[in-house]
Trainee: 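Pasting a structure here, questions to come.
Remember, it's a predicted structure, so these values are computed and weren't measured experimentally. Proteins get letters first, then strands, A, B, ... in listed order; numbering begins at 1 in each. Keep in mind that the numbers below use all heavy atoms, side chains included, and drop hydrogens, waters and symmetry copies.
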Number of protein chains: 2
Amino acid sequence: MKSGFITAADVAREAGVSRSAVSRTFTPGASVSRDVRERILRAAEKLGYRVNRLAQGLQMAQSNLVGVVASNLTSPFNTALLDGISAALFTRGLQCMLLNAEAARDDIGTLVNQVLEYRVRAVVILSGAPPEEIIEACLRNDVRLILINRGTLPGNADKIDTNDLTGGQLAAERMLLDGRRHVATVRSGNGSVSQKRRTESFVARMSEAGARVTPWMSGPNNFETGREAARALLADSSIDGAFCATDLIALGFLDTARFELGMDVPQHFSIIGFDNIPEAAWPSHGLTTVSHPIEAFIDAILSCLDDERQLSEGALNFTIPVELIERETTGARTRKHTSKAAL
Amino acid sequence: MKSGFITAADVAREAGVSRSAVSRTFTPGASVSRDVRERILRAAEKLGYRVNRLAQGLQMAQSNLVGVVASNLTSPFNTALLDGISAALFTRGLQCMLLNAEAARDDIGTLVNQVLEYRVRAVVILSGAPPEEIIEACLRNDVRLILINRGTLPGNADKIDTNDLTGGQLAAERMLLDGRRHVATVRSGNGSVSQKRRTESFVARMSEAGARVTPWMSGPNNFETGREAARALLADSSIDGAFCATDLIALGFLDTARFELGMDVPQHFSIIGFDNIPEAAWPSHGLTTVSHPIEAFIDAILSCLDDERQLSEGALNFTIPVELIERETTGARTRKHTSKAAL
DNA sequence: CGTTAGATTGCACACGTGTGCAAGAGCATT
DNA sequence: AATGCTCTTGCACACGTGTGCAATCTAACG
């Protein structure tokens, strides 16, 4: 057998019909008689025919591809999201093009441009912020742009955002219930809009209640950042609580406080994270956290993809609900100011 | 501005040259005079021209896509691998098509068929086992097939495998040094070849040294599986060590032993995992484990992609080296048979 | 049997690109 | 000045597919 792919023309020759018939056989809803269809299917099976999606996409001026821009795939929340998205795309007969934002040094513009070259149907941005001219380019070419937790960027794009305001408030209420009066906020330094929003909401509520807040912000969104924050912040022993913008940071903070600094959580202070990653529920951590369920994100993304309208007719907006998951890093059964007594 | 993408013909008209010149301008190494090239680049910039990769792929009978079949993206080792692969592909100007094997109910044949429709340059299989006719289909169409830890499947494909034999032996030696005489092996029930190999190598060495081995195997490769194994196995208090085929399982085992069953590791027994995921190094776990570095996998994959030969001329084989990372779940400073004394 | 509506089939064009080929332009060598 | 060589440029074809249009075929109905 000769090398190279089998084309519809090969199948047509084998089945003794025209190439159009082959094309119609593989096009749902097209008009083909039953015995011709069967003869074609048999020939296609025999030769190992596969429709060339590149040619198809060229003809239709659209592909079945969806670009997904992600980064920090070591964060379990991001990977869970990616897992859900790739599975959801499969159910819609779409293919997932994964773009690694870190590899491109967070040059989201270049990445989106690359993916536009494939005439993708939509682009999902999980990470980084695309420049405005890129948003316009997508709009002009009828490519849906779906922004996940990117905040209110200018331009016409579908936006799916966690209810960070409520999330921050829930965390604050729990801190206040624990009687904490001097809390820290910890987030990564790369300026994620979502981290900023939830932190500021937390700060607002705590300040309103008269508590003191020490902000801390540095490094990437990972475990090590939490460790560094703990070392820096816990030198000041008046701090009796920490709200970390992601679970990964919170777990680094927690582990360092417990095992490196020998502190007792939640006796000495309370810790609350955000994301509800699987690791937070492990017995060794038992991290109290704010959850924003993956399923809600997936549903919202599918709604955007199923939306038949042109993007120019208006974009969609979704807010993902949050919930406080209480575990063992909050709710100490003790009097207030225990940590001060340790001085 | 009219909707739809800008084509090379549009640019040619704008710049007052032929369409060929535009094509050559964007083809490295083609012959174009300097001022024509500049005029074209200016026109392209102005109009927002993007090469249509679908048409290009059709013409060249090949795309810049590489299919990656993965599953269990909640496993940090898999995601780290995916992260590395997507970044590496970017450096080679290739695009990553992510296929979720779980979403396709592990029907790898269908997945590979789908990805072949895009005339991909190669397919990387991180999960599941493709049927032999698919391997042949790839071979026939000059699509490289790169199998990661899939064992010795029949057919001509590039194979990259962890040195599981040495890995299992290293774990066994450490167990013997700890004086363990009745150890368990824990692996998931979905029959990963790699898990099987490392476990069997461990068992062989332990048996050779006269130790007793109780095998356990069930469920998917996740934390919960480790928990169930601990509950089932530690009812038999003569067991004084466990070798888990992945870190995720090992951590579930460890956490359950410590926090649910109140045992002391490594006093009561030793635990060794495999993969060296980041979580294993967290202070709260300190899991001793066998590492097979991601970088080695990436290097091997790139070597396969860079290999210019046709697949029919012979495939590549790589073995990834392993190393025992000793942390706090082995090496108890105590006399032998401590656990027996606890009976 | 004649007519008509409906289903089926093939022809031919379009989608946007890369490149072989030949023609032309510019320049150095004889 | 004539010749040969190198560089540039445009024409035209091919890649594999979907589909409008017209032609053909089938069957139902009068």
Trainee: Once you round it to whole Å, what is the distance between P of C:dG18 and CD of A:E117?
Mentor: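 That distance rounds to 11 Å.
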Trainee: Could you check how far CG of B:L54 sits from C1' of C:dT17, rounded to whole Å?
Mentor: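 In whole Å, C:dT17 C1' and B:L54 CG are 11 Å from each other.
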Trainee: Nearest to the side chain of B:M60, heavy atoms from C-beta on, is which of C:dG18, C:dG16, C:dG10?
Mentor: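 Among the listed nucleotides, the one closest to the side chain of B:M60 is C:dG18.
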Trainee: Counting side-chain heavy atoms from C-beta on, which of D:dT17, D:dG10, D:dT9 comes nearest to B:S31?
Mentor: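 Between D:dT17, D:dG10, D:dT9, the one nearest the side chain of B:S31 would be D:dT9.
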Trainee: Using the closest heavy atom to pick a nucleotide of DNA chain D for each, name whichever of B:V36 or B:A55 lands nearer the 5' end.
Mentor: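 With B:V36 and B:A55 compared, the 5'-side residue is B:V36.
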Trainee: Looking at A:F5, I'd like to know if the NZ or CZ of A:R50 sits under 6.0 Å from its six-membered ring centre while staying within 45 degrees of the ring's axis.
Mentor: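 No, A:R50 does not sit over the ring of A:F5.
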Trainee: Should B:P220 and B:N72 count as side-chain neighbours, where that means a heavy-atom distance under 4.5 Å?
Mentor: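 The answer is no; the side chains never approach within 4.5 Å.
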Trainee: Which nucleotide wins on minimum distance to the side chain of A:A21, given the candidates D:dG10, D:dT9, C:dG10?
Mentor: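 Nucleotide nearest to A:A21's side chain: C:dG10.
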Trainee: For the side chain of A:S20, starting at C-beta, report the closest nucleotide among C:dT17, D:dT17, C:dG10.
Mentor: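 Minimum distance to the A:S20 side chain belongs to C:dG10.
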Trainee: Given atom CZ of B:R24 and atom P of C:dC21, what is their separation to the nearest angstrom?
Mentor: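 Result: 13 Å.
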Trainee: To the nearest Å, how far apart are A:R53 CZ and D:dG18 C1'?
Mentor: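 Going from A:R53 (CZ) to D:dG18 (C1'), I get 13 Å.
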Trainee: Which whole-number value in Å describes the distance from A:N64 CG to D:dG18 C1'?
Mentor: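 Roughly 14 Å, once rounded to whole Å.
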Trainee: Here's a test for you: under side-chain contact (heavy atoms from CB on, under 4.5 Å), which of B:I108, B:I146, B:N149 qualifies with B:I125?
Mentor: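 Single pass found, and it is B:I108.
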Trainee: Is any side-chain N or O of A:S18 closer than 4.0 Å to OP1 or OP2 of C:dG10?
Mentor: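 So the side-chain polar atoms of A:S18 do come within 4.0 Å of the phosphate oxygens OP1 or OP2 of C:dG10, strictly under.
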Trainee: Between atom CZ in A:R119 and atom P in D:dT17, what is the gap in whole Å?
Mentor: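 Answer to the nearest Å: 20 Å.
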Trainee: Between P on D:dG16 and CD on B:Q56, what's the gap in Å once rounded to a whole number?
Mentor: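 In whole Å, D:dG16 P and B:Q56 CD are 16 Å from each other.
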Trainee: Pick base, sugar-phosphate or nothing for A:Y49, based on heavy-atom distances below 4.0 Å to the nucleic acid.
Mentor: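 Sugar-phosphate: the residue A:Y49, judged by heavy atoms under 4.0 Å, touches backbone atoms but no base.
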Trainee: What's the CD-C1' distance between A:Q62 and D:dT17, to the nearest Å?
Mentor: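 Distance check: A:Q62 CD to D:dT17 C1' gives 15 Å.
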Trainee: Could you check whether B:A61 gets within reach of a base, just the sugar-phosphate, or nothing at all, counting any heavy atom under 4.0 Å?
Mentor: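 Touches nothing.
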Trainee: Charged N to carboxylate O under 4.0 angstrom, B:D161 versus B:R150?
Mentor: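 Salt bridge between B:D161 and B:R150, a charged N being under 4.0 Å from a carboxylate O: no.
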Trainee: Under 4.0 Å, counting only non-hydrogen atoms across every strand here, what does A:V51 touch: a base, just sugar-phosphate, or nothing?
Mentor: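 Sugar-phosphate only.
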Trainee: Is there a side-chain contact between A:Y118 and the phosphate of C:dG16, meaning an N or O under 4.0 Å from OP1 or OP2?
Mentor: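 The answer is no; no side-chain N or O of A:Y118 sits under 4.0 Å from OP1 or OP2.
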Trainee: If you compare every side-chain N and O of B:S23 against the phosphate oxygens of C:dG18 (OP1, OP2), does one of them come in below 4.0 Å?
Mentor: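 True: B:S23 side-chain N/O within range (under 4.0 Å) of C:dG18 OP1/OP2.
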Trainee: Taking A:Q195's backbone N and O only, do any of them form a donor-acceptor pair with A:S192's side chain (distance below 3.5 Å, no angle check)?
Mentor: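 Side chain of A:S192 to backbone of A:Q195: a pair is present.
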Trainee: Looking at B:R19 and C:dG18, is any side-chain donor or acceptor paired with a base atom of the opposite kind under 3.5 Å?
Mentor: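 Between C:dG18 and B:R19, which were checked side chain against base, a qualifying N/O pair under 3.5 Å is present.
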Trainee: Report the nucleotide, chosen from C:dG16, C:dT19, C:dT9, that has the shortest atom-to-atom distance to any side-chain atom of B:L58.
Mentor: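 Nearest nucleotide to the side chain: C:dG16.
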Trainee: With a 6.0 Å cut-off on the ring centroids, do B:F318 and B:F297 count as close?
Mentor: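 No, they do not, as the ring centres are separated by 6.0 Å or more.
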